Amino acid sequence: MFIIDKSKKLINKAIKVIPGGVNSPVRAFQAVGGTPPFISRGQGSRLYDEDGNEYIDFVCSWGPLILGHLNYKVIKALKIQLEKGTTFGAPTKQEIALAEKIVQLFPSIDMVRLVNSGTEAVMSAVRLARGYTGKDKIVKFEGCYHGHVDSLLVKAGSGSMTFGVPISKGIQSAIAHDTIVLPFNDIDILKALIKDLHKDIAAVILEPVPGNMGVILPKKGFLETVRAITQQYGIILIFDEVITGFRLSLGGTQEKFGINADLTCLGKIIGGGLPAGAYGGRREIMKCVSPLGSIYQAGTLSGNPLAVTAGLATINILIKLAKDGFYEELEEKTKIFSNDLNKRAKAEGINIRINQIGSMMTAFFTEKEVYNYETAKKSSEEKYAMYFWKMLKNGIYLPPSQYETMFISAAHNKKDLQKALNASSIAFREIKNRN
Ligand code: HOZ
């Protein structure tokens, strides 16, 4: 029997003092309905809610926890730092160590600035691109989500897509005016636009492997052509690798695809479970950032010792694991899982399309290929919601939206994945019987 009475009481308290009862919209479960379980703790691949229900976690805090919850070495490093203090508002040597790791692992990054979130990283990178080029227009792609920065909350993904809000209220039309939105994976439209407007375009920004409209795979040659055409016209190419950085490989999409961006935004894994973000790139661009240059950006808790310690510990563990084929094994584990999931859906006559790369995947409830926002939106949100709840009641915690990414971590073992597959077969059968 699936009981979440305590969470029901908690959400009723929460909504009195927090919009929607949550501090980030998708967690409110509006896309799938019902009450979100209030989580009391995590351990390895597991989450536990206030009613004592145990779940295998495929959200992993939306990406940061590639090592799973409560990694022993990360926690040990944090405990040592805690004894020394939580924040100083002054430079620390750990920040140098983390910056050096990022520079070492991302050849496109000569210098990097630490901030507190992916949103801050993207907001700063966009301001820097505009300041460096002296141009105003930014090109983004429909369904790509770059945090909640005004100029990019235009036809974005994640919660904006989940709740069908193409442009958030409160964004001045003049700001949205300088944002051009194109369909992802359509290189001809991008080429035509850049040929026409390159004199006004400061930057093209994208999630090189989008994870916020569900996982979308770049078509063969798409990223390479985006890089070539932005290079040709002197347009700054910003890769938002907040999800994919250290997720797809140590050097993110850039390492996996062999492409160098001009500016890169990072987040999630680099905080090791604590709030952190970063933006970095070529030295001649980064030296325009205050206090060296005239592009201002600041942050009281930027580079704070706790987040830097957790991030550094996580990255050091990943560097060691990568030497033994960690990323290849994680991708193989995810591939086997997604192939089996596909077979089980087909066996029950349920149409799904799975996009999977590295340890990221999304099962879209549609029979057609999903390669951009428009095709993703053809998925059955109703069927996804049914699948979500049948899985949750069977102890599997999936993203509460069709337009998010499932993550598999180092902590997910064969038993976890088998349990999720068995629960999926039951869920698919029940969905079939309902239709
Ligand atoms: N940006 C997060 C995942 N793409 C959404 C998290 C949330 O709204 O809780």
Side-chain angles (χ1 to χ4, degrees), residues 7 10-11 14-15 18-39 42 47 49 55 57-66 115-123 140-150 152-165 168 184 205-216 240-248 252-253 265-271 273-277 355 357-364 373 376 381 384 388 392 397-409:
S7 288
L10 288 167
I11 192 70
I15 55 178
I18 306 171
V22 293
N23 285 306
S24 196
V26 183
R27 304 174 201 173
F29 276 29
Q30 281 186 10
V32 292
T35 300
F38 276 64
I39 302 302
L47 283 176
D49 71 16
Y55 307 98
D57 180 14
F58 286 90
V59 176
C60 302
S61 183
W62 307 97
L65 300 178
I66 192 169
V115 292
N116 298 290
S117 68
T119 293
E120 259 191 272
V122 168
M123 177 175 70
K140 76 173 288 283
F141 295 91
E142 203 174 16
C144 282
Y145 177 73
H146 303 287
H148 60 91
V149 58
D150 275 5
L152 298 175
L153 261 186
V154 182
K155 289 206 172 182
S158 187
S160 170
M161 182 170 181
T162 296
F163 304 125
V165 179
S168 167
F184 189 80
I205 184 168
L206 67 161
E207 292 175 76
V209 175
N212 286 296
M213 41 180 150
V215 175
I216 300 289
D240 176 346
E241 297 226 44
V242 167
I243 289 179
T244 54
F246 303 99
R247 168 63 60 176
L248 292 185
T253 313
C265 301
L266 297 168
K268 298 189 195 271
I269 292 174
I270 70 162
L274 271 69
N355 285 349
I357 182 169
S359 51
M360 300 168 59
M361 60 176 278
T362 299
F364 292 95
Y373 178 93
E381 295 172 17
Y384 182 81
F388 173 85
L392 192 74
Y397 193 92
L398 300 178
S401 162
Q402 169 71 91
Y403 310 115
E404 295 286 356
T405 295
M406 269 176 77
F407 293 100
I408 289 183
S409 78

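Being a predicted model, the structure only gives us computed values, none of them experimental. One-based numbering, in listed order, for ligands and for the atoms of each. Values reported hereafter were calculated over all heavy atoms of this structure, with side chains retained and with hydrogens, waters and symmetry mates removed.
The two residues P36 and I11 make their nearest non-hydrogen contact at CG-CD1, 4.0 Å. Scanning all heavy atoms of the two residues, the minimum distance from I216 to F364 falls at CD1-CZ, 4.3 Å.
For T362, the side chain to side chain donor-acceptor pair (under 3.5 Å) test picks out no residue, with sequence neighbours left out. A search for side chain to side chain contact (heavy atoms under 4.5 Å, CB included) contacts involving M406 returns F58, F337, M361, L398, P399, not counting sequence neighbours. Checked against side chain to side chain contact (heavy atoms under 4.5 Å, CB included), S117 has the following partners two or more places apart in sequence or in another chain: T119, E120.
Near ligand 1, residues S24, P25, V26, R27, W62, Y145, S158, N212, E404 come within 4.0 angstrom through at least one heavy atom.
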Go through it in stages, so that I can follow the logic: the residues are F246 and I66, the test is side-chain contact (heavy atoms from CB on, under 4.5 Å), and I'd like the CA-CA distance, side-chain angles, deciding distance and then a yes or no. CA-CA 9 Å; F246 303 99; I66 192 169; 6.0 Å; no

